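Treat the numbers as computed from the prediction; the structure is a model and nothing was measured.
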Amino acid sequence: MTTLPASRRGAAPSAVRATWLTCALDGRDHAVVDHDPESGAHLSACAKTVWASSLASPPAARCPDCDDSTGGSPRRRPGLLGRWLGRRAA
């Protein structure tokens with residue numbers, strides 16, 4: 001899990017735990033920082049609403065905005081086989 005700084009309406013910043021979920025709509029992994037139990041929607045670090053896909057699905061490519069906001073890993077260029085198959089390194 002990744003720890004993100006969060007500000008709460010004038011309060012001192014606290015740490016928020018982010019969980020990476022694959023969105024059923026765009027097929028990317030997003031860093032989820034908040035959850036609405038009534039609707040089942042999740043709020044991601046990039047401020048998009050995420051609807052979780054099957055939790056049995058393999059990890060997908062990470063959302064670049066979420067990756068940047070969480071201080072994710074540096075971007076790697078895909079290898080020759082990855083470029084040939086059209087896949088990108090996550």
Side-chain angles (χ1 to χ4, degrees):
M1 286 194 172
T2 307
T3 303
L4 294 174
S7 59
R8 303 243 192 241
R9 296 183 197 140
S14 61
V16 174
R17 304 286 280 177
T19 305
W20 290 89
L21 287 179
T22 304
C23 181
L25 300 177
D26 66 3
R28 292 191 176 269
D29 280 354
H30 291 274
V32 172
V33 294
D34 196 16
H35 169 67
D36 181 17
E38 291 182 14
S39 68
H42 304 275
L43 179 66
S44 68
C46 66
K48 293 182 183 172
T49 302
V50 176
W51 298 95
S53 65
S54 170
L55 297 178
S57 62
R62 286 188 170 186
C63 166
D65 295 332
C66 286
D67 205 26
D68 290 342
S69 65
T70 58
S73 60
R75 299 219 186 345
R76 295 184 324 191
R77 181 177 171 174
L80 179 61
L81 183 61
R83 288 191 306 258
W84 185 66
L85 293 175
R87 296 181 185 151
R88 82 167 248 237

Closest approach of [X] and [Y], non-hydrogen atoms and distance?
X	Y	value
Cys46	Cys63	SG-SG, 3.8 Å
Trp20	Thr70	CZ2-OG1, 3.7 Å
Ala60	Gly27	CB-O, 3.1 Å
Ser44	His30	CB-CB, 3.8 Å

Ser54 meets the side-chain hydrogen bond (donor to acceptor under 3.5 Å, both in side chains) criterion, sequence neighbours left out, with none
Distance col, row Asp34:CG vs Thr49:OG1, nearest 0.5 angstrom, shows 10.5 Å
Note: with side-chain heavy atoms under 4.5 Å as the link, the other cluster members for Trp51 come out as Leu25
### Criterion side-chain contact (heavy atoms from CB on, under 4.5 Å) on His42 and Leu21, from CA distance to verdict
CA-CA 9 Å; His42 304 275; Leu21 287 179; 3.8 Å; yes
- Query: Quick one: does Ser53's side chain have a donor or acceptor within less than 3.5 Å of a partner on Thr22's backbone?
  - Reply: yes
#### Entry: Asp67/Arg62 under salt bridge (Lys or Arg N to Asp or Glu O under 4.0 Å): CA gap, chis, key distance, verdict
CA-CA 7 Å; Asp67 205 26; Arg62 286 188 170 186; 3.5 Å; yes
